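Here the structure is laid out as structure tokens; the discussion comes afterwards.
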Amino acid sequence: EDKYMTKQLEGKKLLLLGGVQPACQIVEEAHKMGVTVYVTDYLANSPAKAIADKSFMVNAMDVDAVVDLCKAEGIDGLITGYVDSLLPYAEMICNKLGFPFWGNALNIEMCINKETFKEACEKSGLPVVPWRKINRDNYLCVGEKIEFPVVIKPVDNSGSRGVFKCYDKESYAEFCLKAFEFSKCGVLLVERLMNVHNEFSAYYMINHGKAILTGMGDRFVNIIDESIAPVGQGMQFPSKKLTLWCEKVDNAVQRFFSDNLMNEGFIFIQGFHEEENFYIHEIGYRLNGGFSYKIIEHFSEYNQVQELIRFSLTGSVDANEVNKSNPAFDGYGFILTFALQPGEIKEICGVDDAAKVKGVIDFCQLHNVGDRLVAKGTTAQVFAYVLCAGKTLEDLKLTIKTVKDLVSVKDIEGNELLYTSIDIERIK
């Protein structure tokens, strides 16, 4: 990397809003650039606070208090990531201080609210998963008209909370009532249940209105319980559908970004493919939790998190860096996900050896000995993301197999806590 570009930011002060576990990525990348990182939220033991230069107990949603904090500490820029609910506050704070922020109040709200998002997609010609909106008044009569199976989810919740799969009319009402408990506004979406084995993610960076597809991957999942979200097993790059996506959907995506004034920043889009068609179901106008930026860095030789930090401090990414993007990649990448069953971690084996395996770019461990897991069907289950790369598919599969054979996580009784990870024969 050009030393001048890095030096430019040395000693600048960046405030990170919300210190959740994945946000440690932002702190680490900012430190590599010589940036001083402050973190604030209402939790004393937020993971990112432990590695930041300075931390505060100001609630990230208290706009005026954060503005005062920035003024008092001479902060140069503000960033957040990974948590949808903090985006509107980050935007307001940046607005009041004249700091750069990638979105505006309207397009951030559009990306958080699943209903507004679907409507915006339809307006720009982006295909979405077929859906209906329901509330407590009409959910029963809608249940008479729809085809099963469906997914029932709150319009205003994230992280797979309150999401239920429903296979028949008989259990429909019961699942709706459960999902209503997770919705503040009492509104649910009923969507066609798509084949979870056909899920993809596409990652874009936008610089001064120019949107660049930087990577696209196919997701692998393990269905443990039919009624809740499946456990991720990994993501393979590049997607088998990359060429088709570029031919069929990319133009509509670009139109969608410009229609909604999304002129800067990082965006991920998730959806499903069926033969020649794509159905989009999710967007994030923020960093995603799965370390895809490290796969992209390996193949395209620039760091997306660092570019967002640069944007937050200067109002611009380095165009020379972002323009290195090529989603086709020279080789194959894989984000191997190790997921945990509920229980308490007593022993972790093989991580140091796995991190040294040829083809492993990085081993990102999210849980430690003593952690207790209760959640099922949410991202809290992820023990680690292991980023792998290979020149050929055979190289990649060998790396994944070697890592799988090394890593083990045991509970107090000595039982294996890791769910079965990806069967390498599925990687084609």
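What you are looking at is a predicted structure, and each value in this text was computed from that prediction instead of being measured.
- Proximity of a side-chain donor or acceptor of Arg255 to a complementary backbone N or O of Ser124 within less than 3.5 Å is detected.
- Between Phe278 and Phe200, the ring center distance clears the sub-6.0 Å criterion.
- Note on Lys49 versus Asp41: salt bridge recorded, some NZ/NE/NH1/NH2 to OD/OE distance being below 4.0 Å.
- Across every non-hydrogen atom of Leu86 and Leu17, the tightest pair is CD1-O, 3.5 Å.
- Between Phe257 and Tyr204, the gap from one ring centroid to the other is short of 6.0 Å.
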Quiz item: Are Lys294 and Glu297 close enough, and set up right, to give a salt bridge (charged side-chain N to carboxylate O under 4.0 Å, His left out), and what steps lead you there?
Solution: CA-CA 5 Å; Lys294 290 195 175 189; Glu297 181 176 27; over 6 Å; no
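- For the pair Glu301 and Lys324, the salt-bridge criterion is not met [side-chain N within less than 4.0 Å of a carboxylate O].
- The backbone N or O of Leu106 sits less than 3.5 Å from a side-chain atom of Asn104, completing a donor-acceptor pair.
- Pairs passing the salt bridge (Lys or Arg N to Asp or Glu O under 4.0 Å) check and including a residue from residues 123-146, sequence neighbours excluded, read Glu115-Lys133, Glu144-Lys169.
- Nearest heavy-atom pair across Ile422 and Lys404 is O-NZ, 2.5 Å.
- Checking Thr116 against Glu109 by side-chain atom types alone, no donor-acceptor pair falls below 3.5 Å.
- Nearest heavy-atom pair, Cys176 versus Ile152, reported as atom, atom and distance to 0.1 Å: SG-CD1, 4.0 Å.
- Listed by first then second residue, pairs satisfying salt bridge (Lys or Arg N to Asp or Glu O under 4.0 Å) with a partner in residues 198-208 read Glu199-Arg219, not counting sequence neighbours.
- Considering all non-hydrogen atoms of both residues, Thr337 and Ser421 come closest at O-CB, 4.4 Å.
- If you check the side chains of Ser325 and Tyr302, you find a donor sitting under 3.5 Å from an acceptor.
- Glu274 and Asn195 are not linked by any side-chain donor-acceptor pair at a separation below 3.5 angstrom, with hydrogens and angles left out of the test.
- In the model, Glu191 has no side-chain atom that pairs as donor or acceptor with a side-chain atom of His281 under 3.5 Å.
- Electrostatic pairing of Asp352 and Lys356 does not count as a salt bridge here, judged by no charged N lying under 4.0 Å from a carboxylate O.
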Side-chain donor-acceptor pairs under 3.5 Å in residues 383-398, sequence neighbours left out?
unit_1, atom_1, unit_2, atom_2, d
Lys391, NZ, Asp330, OD2, 3.0
Thr392, OG1, Glu394, N, 3.4
Thr392, OG1, Asp395, N, 3.1
Thr392, OG1, Asp395, OD1, 3.4
Thr392, OG1, Asp395, OD2, 3.3
Asp395, OD2, Thr392, N, 3.4
Lys397, NZ, Ile427, O, 3.4

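- With hydrogens and angles left out, the side-chain atoms of Asn326 and Ser300 include no donor and acceptor closer than 3.5 Å.
- Salt-bridge annotation for Glu276 and Lys248: absent, with no side-chain N of the basic residue lying under 4.0 Å from a carboxylate O of the acidic one.
- Counting heavy-atom neighbours within 6.0 Å of Lys210 NZ, excluding the residue itself, gives a total of 12 or less.
- Taking both residues in full, the closest heavy atoms of Val360 and Ala355 are given as CG1-O, 3.9 Å, listed atom of the first, atom of the second, then distance.
- Using modelled atom types, one finds a donor on one side chain and an acceptor on the other under 3.5 Å when comparing Ser408 with Lys410.
- In summary, the aromatic rings of Tyr139 and Phe180 are positioned with their centroids under 6.0 Å apart.
- Below 30°, between 30° and 60°, or above 60°: for Tyr172 and Phe148 the angle between ring planes is above 60°, a perpendicular geometry.
- Using modelled atom types, one finds no donor on one side chain facing an acceptor on the other under 3.5 Å when comparing Tyr419 with Gln233.
- A donor-acceptor distance shorter than 3.5 angstrom exists from the side chain of Gln365 to the backbone of His367, with no hydrogens or angles considered.
- Remark: Asp84 engages Arg286 in a salt bridge, criterion side-chain N to carboxylate O under 4.0 Å.
- Of the possible polar contacts, one joining the Asn135 side chain to the Asn138 backbone as a donor-acceptor pair under 3.5 Å is found.
- The closest side-chain donor-acceptor pair between Tyr82 and Gln25 falls under 3.5 angstrom.
- Using modelled atom types, one finds no donor on one side chain facing an acceptor on the other under 3.5 Å when comparing Glu307 with Asn303.
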Practice problem: Just do the side chain to side chain contact (heavy atoms under 4.5 Å, CB included) check on Ser239 and Trp245 with the steps written out, would you? | Solution: CA-CA 9 Å; Ser239 164; Trp245 174 266; over 6 Å; no
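- The residue from Tyr332, Phe329, Phe334 that alone fulfils the side chain to side chain contact (heavy atoms under 4.5 Å, CB included) condition with Phe237 is Phe329.
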